[in-house]
Protein chains: 2
Amino acid sequence: MIDLPDTASPLYEKVKDYILTNIGTGRWGKDRKLPSENELVASLGVSRMTVHRALRELTAAGFLIRLQGVGTFIAPPRPQSTLIEINNIAAEIVERGNRHRSEVLVLETIMPTKELVLSFEFAKRVPIYHSVVVNFENDLPVQLEERFVNPSLIPDYDKQDFTRTATYDYLMQKTPVTEVEHIISAIPADKETARHLGIDVGSCCLLLHRRTWTGAVVATISKLTYAGSRYSLGSRYSPSGTN
Amino acid sequence: MIDLPDTASPLYEKVKDYILTNIGTGRWGKDRKLPSENELVASLGVSRMTVHRALRELTAAGFLIRLQGVGTFIAPPRPQSTLIEINNIAAEIVERGNRHRSEVLVLETIMPTKELVLSFEFAKRVPIYHSVVVNFENDLPVQLEERFVNPSLIPDYDKQDFTRTATYDYLMQKTPVTEVEHIISAIPADKETARHLGIDVGSCCLLLHRRTWTGAVVATISKLTYAGSRYSLGSRYSPSGTN
DNA sequence: CACGGTGAAAAGTATATACATGTATGTATA
DNA sequence: TATACATACATGTATATACTTTTCACCGTG
């Protein structure tokens, strides 16, 4: 029977520490397989639920991998995935020390097209909010922002003054985002877009398509068009939080 | 008694969804206080441990704040930064079930231009590796990849066969990346690019500029050009790992 | 040898129960 | 009036138990 330290911290934390220490010192490093829950129960003298909680939290934190029916293993060092951060354009502009202004072209309630109903994953056709806003950086239009908003999650969207609060800020304030989908592509500007952004028809634009979820419900669908010559999405990122 | 959806997901997940939805729709938004565990037990007809697990996980994910003896509250909205994951193009193509092939156009050692010396943050001018590769998805060229590589970190870059190993894979294997910088923009294809990607001069392309660091040293500089009509960067992301 | 069944072992989920600990509030007493 | 105590209620932790789901190894049969 192994003794856990006699500190004030809760038992499952002690178990977590015990496991992390054993991983760190390589005691289980051989085939990278940990003792089973029941073995830990026997060797540590705590209940299975407590061991389970410790293992579950370490798994959520990325230290372990668990396979039902097989066992618990030390996770391989994190596979590299490089990330890009997409920020609130209003905040970005202000952060660069420039002036942000927006112009509301459309703010209305519409019946969604069949496509939109599908994108929203609606069971039936219900009215949604629709807004089109142009964002300016120092009086130069840089982004055309079209949004479709689920009224069941954000009820008063159509009554806001988006020349004062950015649409993004309002949405973030109103509903928690649990999931985000992004698609970035490059497209030539159509007549409408060109007019609003003050660029030539056919010139290159960045198109950022975004869907956000709150729980299982699609909250917003956005089409953000950036004048390619005036804007780029940038980020600097430390994969493993080394800072 | 409230009915939870009759899906396959475990009960605590349904409870989490139920709570997130109620937060999203603002049903509890008034004083931002949630029903107590015991109230949820009564209204949902599940055990307290199950409710507790749901609440604990949502708290860990940053949606809730809990105070012992007081109650559970909706957390203030986080400063949201949405992330896009940029993957290895070869792996992405294979994952879609398509065939990946690459053609090496250039693989050489060069003296860097003054601009590159600055980008690499070199103190003096030293030779670097330079490669240009076209990546094909089912024999359709989708990405033109130009890389400049720091030889002090990746010594044998110029001796590799990049029709077999993707440049990305080789680099990731050779040196740990501690930091990544990305800039995405939309540009018209120049003559050279158009020729390699088999598209018209002036048609829209996604340009992804990337620098990677190993410690304080710039390891690679890449210029990835995607045919705008054939490729888009996509991602789906859960801000706080709620899944 | 190939195939399928069967059971053991592992993690996953759900519940009932108990007690611990922290907070707010109301009440009795000095 | 002010302090101390009792109490109710909130979340936090720990256990015992039971059942489910998945995987794997073993074994017998064709």
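Sequence lines set the chain letters: A, B, ... in the order given, protein chains first and strands last, and positions in each chain run from 1.
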Are [X] and [Y] side-chain neighbours, meaning at least one heavy-atom pair lies under 4.5 Å?
{"X": "A:T225", "Y": "A:Q143", "result": "no"}
{"X": "B:K14", "Y": "B:Y12", "result": "no"}
{"X": "A:F148", "Y": "A:P112", "result": "no"}

Does the side chain of B:T72 pick up a donor-acceptor pair with the side chain of B:R66 at under 3.5 Å?
yes
Compute whether any side-chain donor of one residue and acceptor of the other, for B:S152 and B:N150, lie under 3.5 angstrom apart.
yes
In whole Å, what is the span from the [atom1] atom of [X] to the [atom2] atom of [N]?
{"X": "A:R48", "N": "C:dA14", "atom1": "CZ", "atom2": "C1'", "value": "12 Å"}
{"X": "A:Q68", "N": "D:dC19", "atom1": "CD", "atom2": "P", "value": "17 Å"}
{"X": "B:L44", "N": "C:dT15", "atom1": "CG", "atom2": "P", "value": "11 Å"}
{"X": "B:E37", "N": "C:dT17", "atom1": "CD", "atom2": "P", "value": "17 Å"}
{"X": "A:L40", "N": "D:dA14", "atom1": "CG", "atom2": "P", "value": "16 Å"}
{"X": "A:L11", "N": "D:dA16", "atom1": "CG", "atom2": "P", "value": "11 Å"}
{"X": "A:L34", "N": "C:dA9", "atom1": "CG", "atom2": "C1'", "value": "16 Å"}
{"X": "A:L55", "N": "C:dA10", "atom1": "CG", "atom2": "P", "value": "13 Å"}

When you check the phosphate oxygens OP1 and OP2 of [N], does a side-chain N or O of [X] lie under 4.0 Å from one of them?
{"X": "A:Y12", "N": "D:dT13", "value": "yes"}
{"X": "A:R66", "N": "C:dG12", "value": "yes"}
{"X": "B:T50", "N": "C:dT13", "value": "no"}
{"X": "B:T72", "N": "D:dA10", "value": "no"}
{"X": "B:R53", "N": "C:dA14", "value": "no"}

By nearest-nucleotide position on DNA chain D, the 5'-leaning member of A:S9 and B:P35 is B:P35
Most 5' of B:E39 and B:M49 on DNA chain D, judged by nearest nucleotide:
B:E39
Quick check for you: among D:dA18, D:dG12, D:dC24, whose closest atom lies nearest to any side-chain atom of A:V70?
D:dC24
Strand partner of C:dA30, provided both Watson-Crick or wobble distances fall under 3.5 Å
D:dT1
NA contact type, A:L67, heavy-atom cut-off 4.0 Å: base, sugar-phosphate, or nothing?
sugar-phosphate
